[in-house]
Amino acid sequence: MDFLQAFTWTNLRFILDGFVVTLEVAVVSIILSFIIGSLMGIIRYLKIPVVSVVFGIIVDIIRNLPLLLIIFFTYFALPQIGIQFSIFWSAVIALTIFESAMLSEIIRGGLLAVPKGQLEAGMSTGLTRIQTVFYIVLPQGLKLMVPPLVSQFVSLIRDTSLAVIISLPELTHNTKIIYAQHPNTVLPMFFMMAACYFVVCYSLSKFSKRFEVTYGK
């Protein structure tokens with residue numbers, strides 16, 4: 001096996017292009033799912049009538065579906081009813097739907113972990129329930145949420161590889177194309193792909209541990 005043959009400039013650039021797409025999908029999905037998941041988590045924590053129940057049902061449904069099914073739904077099923085997205089946005093929307101449900105539970109759990117007395121104390125000062133959550137409960141809960149949130153973000157980055165099923169030109173897709181054309185490069189290509197995922201995921205995990213040590217006291 002000629003390992004050097006795998007590391008040509010053309011292959012490296014193709015892998016890098018895929019890695020950039022992976023990061024783009026991950027970053028956009030993380031931002032959107034964090035915003036949506038936070039809103040859902042806070043609304044469920046506040047037990048706002050009707051909306052909270054509806055969100056609870058949606059979260060339960062999504063959490064019990066495989067992500068791959070949601071990707072198929074956004075890319076193949078939605079066009080059947082006249083809603084069509086590019087491959088990139090199909091992957092982002094599928095990941096956002098799935099991760100929002102996961103993150104909403106983490107955020108709700110973090111808020112519930114803050115002693116009830118904090119909410120009551122805040123409201124006794126004249127703040128509304130929503131103001132109390134944003135100014136008093138949420139800042140305390142965030143310290144507890146960071147490790148599971150980062151863990152979920154790491155999972156999301158790994159899950160971007162599932163978008164290979166709809167031919168999104170991300171890291172796994174581009175790697176697969178190279179070793180399909182040059183079978184003798186399978187092993188080095190796998191090492192390179194693994195190294196890319198490892199660097200990003202390990203860095204996030206280290207950040208989470210450092211944050212926990214610094215602020216979790």
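Residue numbers run from 1 in the order of the sequence given.
At least one side-chain heavy atom of Phe34 sits under 4.5 Å from a side-chain heavy atom of Phe153. No side-chain heavy atom of Met123 sits less than 4.5 Å from a side-chain heavy atom of Gln131. You'll find the side chain of Met40 stays beyond 4.5 Å of the side chain of Ile107, heavy atoms only. When side chains are defined from C-beta on, Gln152 counts as touching Ile106, because their heavy atoms get closer than 4.5 Å. No side-chain heavy atom of Phe73 sits under 4.5 Å from any side-chain heavy atom of Leu65. Counting heavy atoms from C-beta on, the side chains of Tyr197 and Thr160 come closer than 4.5 Å. At a threshold of 4.5 Å between non-hydrogen side-chain atoms, the residues Phe72 and Ile165 count as touching. Under the 4.5 Å side-chain criterion, counting only non-hydrogen atoms from C-beta, Glu170 is in contact with Thr172.
For Phe190 and Tyr179, the distance between ring centers is under 6.0 angstrom.
Taken to the nearest 0.5 Å, the OG atom of Ser38 stands 8.0 Å off from the CG atom of Leu142. Distance check: Lys143 NZ to Leu138 CG gives 12.0 Å after rounding to the nearest 0.5 Å. Atoms CE and CG, on Met189 and Asn11 in that order, are 5.0 Å from each other to the nearest 0.5 Å. Atom OG1 of Thr128 sits about 8.5 Å away from atom OH of Tyr135, to the nearest 0.5 Å. With rounding to the nearest 0.5 angstrom, the CG atom of Leu78 is 5.5 Å from the CD1 atom of Ile81. Atom CZ of Phe98 is separated from atom CD1 of Ile70 by 6.0 Å, given to the nearest 0.5 angstrom.
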Side chain to side chain contact (heavy atoms under 4.5 Å, CB included) for Leu156 and Ser33? Distances and angles first, verdict last. CA-CA 10 Å; Leu156 185 153; Ser33 59; 4.2 Å; yes
Dump the intermediate steps for side chain to side chain contact (heavy atoms under 4.5 Å, CB included) on Glu99 and Asp159, then the final yes or no. CA-CA 10 Å; Glu99 298 300 333; Asp159 286 344; 3.6 Å; yes
Can you list the steps and then say if Ile166 with Ser90 is a side chain to side chain contact (heavy atoms under 4.5 Å, CB included)? CA-CA 9 Å; Ile166 57 174; Ser90 292; 4.2 Å; yes
Dump the intermediate steps for side chain to side chain contact (heavy atoms under 4.5 Å, CB included) on Met145 and Leu111, then the final yes or no. CA-CA 9 Å; Met145 297 175 204; Leu111 293 174; 4.0 Å; yes
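Within 6.0 Å of CD1 on Ile130 lie no more than 12 heavy atoms contributed by other residues, nucleotides or ligands.
When all heavy atoms of Val154 and Ser205 are compared, the closest pair comes out as CG2-OG, 4.1 Å. For the pair Arg158 and Cys201, the tightest heavy-atom approach, listed with the atom from each and the gap, is CG-SG, 4.0 Å. In plain terms, the two heavy atoms of Val200 and Ile157 that are nearest each other are CG1-CD1, 3.6 Å. A pairwise comparison of heavy atoms in Thr74 and Ile71 identifies OG1-O, 3.0 Å as the closest pair. Smallest separation of non-hydrogen atoms from Ser124 and Ala121: OG-O, 2.5 Å. Scanning all heavy atoms of the two residues, the minimum distance from Ala101 to Val59 falls at O-CG1, 3.8 Å.
Gln118 contributes no side-chain N or O that, together with a main-chain N or O of Val114, makes up a donor-acceptor pair within less than 3.5 Å. A distance-only check finds no donor-acceptor pair linking the side chain of Ser104 to the backbone of Gly37 [under 3.5 Å]. Between the side chain of Arg129 and the backbone N or O of Leu46, at least one donor-acceptor pair lies under 3.5 Å. The main-chain N or O of Gly122 is found under 3.5 Å from a side-chain atom of Thr125 such that the two form a donor-acceptor pair. Judged purely by atom type and a 3.5 angstrom limit, Ser151 has no side-chain atom pairing as donor or acceptor with the backbone of Pro147. Remark: side-chain polar atoms of Gln181 are not paired, donor with acceptor, to backbone N or O of Ile178 under 3.5 angstrom. The closest donor-acceptor contact from the side chain of Asn174 to the backbone of Phe14 lies under 3.5 Å.
Ile136 and Leu144 sit in two unconnected hydrophobic clusters of ILVMFWY residues. Membership requires side-chain heavy atoms under 4.5 Å apart, directly or through other members. Residues Met192 and Ile177 fall within the same hydrophobic cluster, defined by Ile, Leu, Val, Met, Phe, Trp and Tyr side chains chained together at heavy-atom separations under 4.5 Å. Follow the hydrophobic side-chain contacts under 4.5 Å out from Ile31 and you never reach Val25; the two are in separate clusters. Note on Leu168 and Phe76: same hydrophobic cluster, where clusters join Ile, Leu, Val, Met, Phe, Trp and Tyr whose side-chain heavy atoms are under 4.5 Å apart, directly or indirectly. The hydrophobic cluster containing Ile83 also contains Ile62, counting ILVMFWY residues as joined when their side-chain heavy atoms lie under 4.5 angstrom apart, directly or transitively.
Between Ser52 and Tyr45, the side chains place no donor N or O within less than 3.5 Å of an acceptor N or O (distance only, hydrogens not considered).
For the side-chain contact (heavy atoms from CB on, under 4.5 Å) test with Thr96, the passing option among Ile30, Ile36, Val28 is Ile36; the others fail.
Legend: residues meeting ring-ring contact (aromatic ring centres under 6.0 Å, His included) with Phe207, ordered by chain and number and at least two apart, are absent.
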